[in-house]
Protein chains: 2
Amino acid sequence: MREKADVNQKIFVSAKEVADRAGVSRSAVSRTFTPGASVSEETRRRVMEAAEALGYHVNHLARGLMRNESGLVCLIVSEMDTPYRSSLIRAISHQLQAVSKIAMLINTDRSDKSVDDALRLAISYRADASIILSGMPDKSITDLCVKSGQRLVLINRDEEREGALMINLNDREAAHRAFIAFQRAGCRRVAFANSDVGTPSLMAREEGFVAAAIEAGVEVIVERFGPTRYQSGVILAQRLLTREARPDAIFCANDLLACGVMDTARHQFKLTVPDDICVIGFDYIEQCSWSSYDLTTFAQPVDQIAKEAVSWLTHPAKTDSIASQISPELVWRGSVRGG
Amino acid sequence: MREKADVNQKIFVSAKEVADRAGVSRSAVSRTFTPGASVSEETRRRVMEAAEALGYHVNHLARGLMRNESGLVCLIVSEMDTPYRSSLIRAISHQLQAVSKIAMLINTDRSDKSVDDALRLAISYRADASIILSGMPDKSITDLCVKSGQRLVLINRDEEREGALMINLNDREAAHRAFIAFQRAGCRRVAFANSDVGTPSLMAREEGFVAAAIEAGVEVIVERFGPTRYQSGVILAQRLLTREARPDAIFCANDLLACGVMDTARHQFKLTVPDDICVIGFDYIEQCSWSSYDLTTFAQPVDQIAKEAVSWLTHPAKTDSIASQISPELVWRGSVRGG
DNA sequence: GAAATTGTTGCACGCGATTGCAAAAAGAGG
DNA sequence: CCTCTTTTTGCAATCGCGTGCAACAATTTC
């Protein structure tokens, strides 16, 4: 009659059944699985035995309904197969598991609307918190989250949101250091290779770099193209290196761009790094340590970011909205002269 | 008094409140948000209006409790920041979202016990399904999953489990083709570079390659070391290339190893690819297309895998356990002569 | 031995939704 | 206008669990 229901029928064993088998009340079962509840050693043993035999597991959906705490944390992210993103996700979900929470993964496209939808989903699932790695949701939605008592963490999102924790890198300052490094290496013509997506942190790096150059009275070439991926780095390098005044130093908005730039400089333009051209990246993805690149870059401390985010989730908020500033460490490798 | 409760207090608006505001019964609200339920146009409008004003969202926890269908799908995976894994996760979570399901991410360490724990968690959350990308859970647990009506998908896991869908690559056959490719390129001394973790698919590649060589009456060198990462490739290359009879062709168990092997062959041993040595990888990670590598490799069709997995979740099982065999395509690039 | 204290246990209610059922309302047909 | 059919609606039961409350048992104290 109802074949669809038949197939999807889930028959999990409930606390009632365990109680019957153990010869105790349902409350006893519930208390056995509630840390800190009052149960005698004897009943606990019998309950555990019955639970084991029947394959009982507490229903976290129902528990979440009662406790008003689902244990779910929503991770909102786009292009999650990118090296930096995936390592951040890994770090976060690892930290979450350490405090018995569990990550729900939602990937979005570029649009802010899809981030809004993701947050709505988080609300529907009564997620304890949402961590946003990409895009920027509408204020009305974030307000609803906060009002509903959901925690909110924005990573490298720049824009402020009441009641949310914001973890940001000090992009400007880092960019400044990149410029100094180029100067020390004796570079004369510096350039900045950026994507054209214009996210706040990328723009901050650009602005910081340009500002440092202007401050030093040096001209700087800025080129922007495509998403922050390898292929864009290829195009950017082609544009930069065919210029009349060829740059001898390129600061790239992130490591993937840098890889594309380096490969193109070497293979297509037959330049050597760092003798003909110095390159600095940003993120500290694993590939940069590979001997084909050996890229000097700024390290985003993903573990620290993850730890800060998760520990804030488990601790009460101190003020209305908190900002955490992290200074990325410049990791010296072979793509810049000197060091 | 109870400061902790205060802080974690979540105050979501419930269907009751919406009903009151709209002047209808709770059932009407529920039906408005249940596709296919019978509600008049007028009440639906009033309900939606009230819901909008109050910021109401259906509680999926409670819905899941009633419907016995949480909408959650558990992804169990280790080392998820690895390029191949992260692209597979992306593909799967994307497909899941397309059918209104949502991925919970659990990362495990190497041990099978942690996979067991992950599955137990999946049961606790009444996940509609679990997809296992790493490790192999105990049969007692998988049986419990299947008995409870939870769907199970094993990707590249080899070992059989009753009631589960198994998606496997035809590793042996692919390895055979790799050997043929080397022969066509005129290679004389072939080698296989493997990790020593010994997962079924890696071993299948090794066995297939060795079998093909033996069949052709050619000797083959096999070296195993470490996890399937770049750094292991470096070590493997050092071991292989310092041998008296230096191989002129290396089939690597996966792309990361291949990258390490290539870099080491070039930079440390000053060999050129593919003239001095040919290399073939496995997985088709993005890095292999970078011009520093330009690696000939077997493409794991992640989108196809994801699609098969998810479509099986939404369709009734036809038989007890289903196996799907996929033949990876050999993508020819510059790391092998000829082609 | 009685009273006070401490520790367990079961009952019953509530969490926020879905849904079968029957009553009420609306529409159709003559 | 009345009857028959079709929609719409509200009531109440249900899902699996947590927990306050009161009853009860065990232990301590005087």
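We name chains A, B, ... by the order of the sequence lines, and we start the count at 1 in each one.
Rotation axes derived from the C1' atoms of the five outermost pairs at either end of the helix from C:dG1-D:dC30 to C:dG30-D:dC1 lie 30° apart, to the nearest 10°.
Under a 4.0 Å N-O distance rule, the pair A:K16/A:D20 qualifies as a salt bridge. Salt-bridge formation is detected for the pair A:R120/A:D117: a Lys NZ or Arg NE/NH1/NH2 atom is positioned less than 4.0 Å from an Asp or Glu carboxylate oxygen. A salt bridge is defined here as a Lys NZ or Arg NE, NH1 or NH2 lying under 4.0 Å from an Asp or Glu carboxylate O, and A:K101 with A:E69 meets this definition. Between A:E42 and A:R45 there is a salt bridge, since a side-chain N of the basic residue sits under 4.0 Å from a carboxylate O of the acidic one. Under the 4.0 Å criterion applied to side-chain N and carboxylate O atoms, A:K139 and A:D143 are assigned as salt-bridge partners.
For the pair B:S70 (side chain) and B:R126 (backbone), a donor-acceptor distance under 3.5 Å is present. With hydrogens and angles ignored, the 3.5 Å screen pairs no side-chain donor or acceptor of A:R26 with any backbone N or O of A:A15. A distance-only check finds a donor-acceptor pair linking the side chain of B:E17 to the backbone of B:S14 [under 3.5 Å]. Looking at A:R85, its side chain does come within 3.5 Å of a backbone N or O of A:S78 through a donor-acceptor pair.
Atom pair B:R46:CZ and D:dT9:C1' shows a separation of 12 Å (rounding to whole Å applied). Following rounding to the nearest Å, B:L61 (CG) and D:dG18 (P) show an atom-to-atom distance of 13 Å. Atoms CZ (B:R44) and P (D:dT9) sit 11 Å apart, rounded to a whole Å. Straight-line distance from the CG atom of A:D20 to the P atom of D:dG16: 13 Å, rounded to whole Å.
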N/O-N/O pairs, protein side and nucleotides 10-15 of chain D side, under 3.5 Å:
residue, atom, partner, partner atom, Å
D:dG10, OP2, B:S25, N, 3.1
D:dG10, OP2, B:S25, OG, 2.9
D:dG10, N7, B:R31, NH2, 2.8
D:dG10, O6, B:R31, NH2, 2.8
D:dC11, N4, B:S27, OG, 3.2

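Between A:F12 and B:S38, the residue anchored closer to the 5' end of DNA chain D is B:S38, taking for each the nucleotide with the nearest heavy atom.
Surrounding CD of B:E52 are at most 12 heavy atoms belonging to other residues, nucleotides or ligands under 6.0 Å away.
Residue B:V29 is out of contact with every strand shown, counting any heavy-atom pair closer than 4.0 Å. At a threshold of 4.0 angstrom between heavy atoms, the contacts of A:S40 are confined to the sugar-phosphate backbone, with no base atom among them. Within 4.0 Å (heavy atoms only), A:S14 reaches sugar-phosphate atoms of the nucleic acid but no base atom. The residue B:H57 sits close only to the backbone: its heavy atoms come under 4.0 Å of sugar-phosphate atoms, none of a base.
The span of DNA chain C lying next to chain B, judged by atoms under 4.0 Å from heavy atoms, is bounded 5' to 3' by C:dG16 to C:dG20.
Between B:Y125 and the phosphate of D:dG16, there is no side-chain N or O to OP1/OP2 separation shorter than 4.0 Å.
Side chain to side chain, A:S130 and A:Q150 meet the donor-acceptor criterion of an N or O pair below 3.5 Å.
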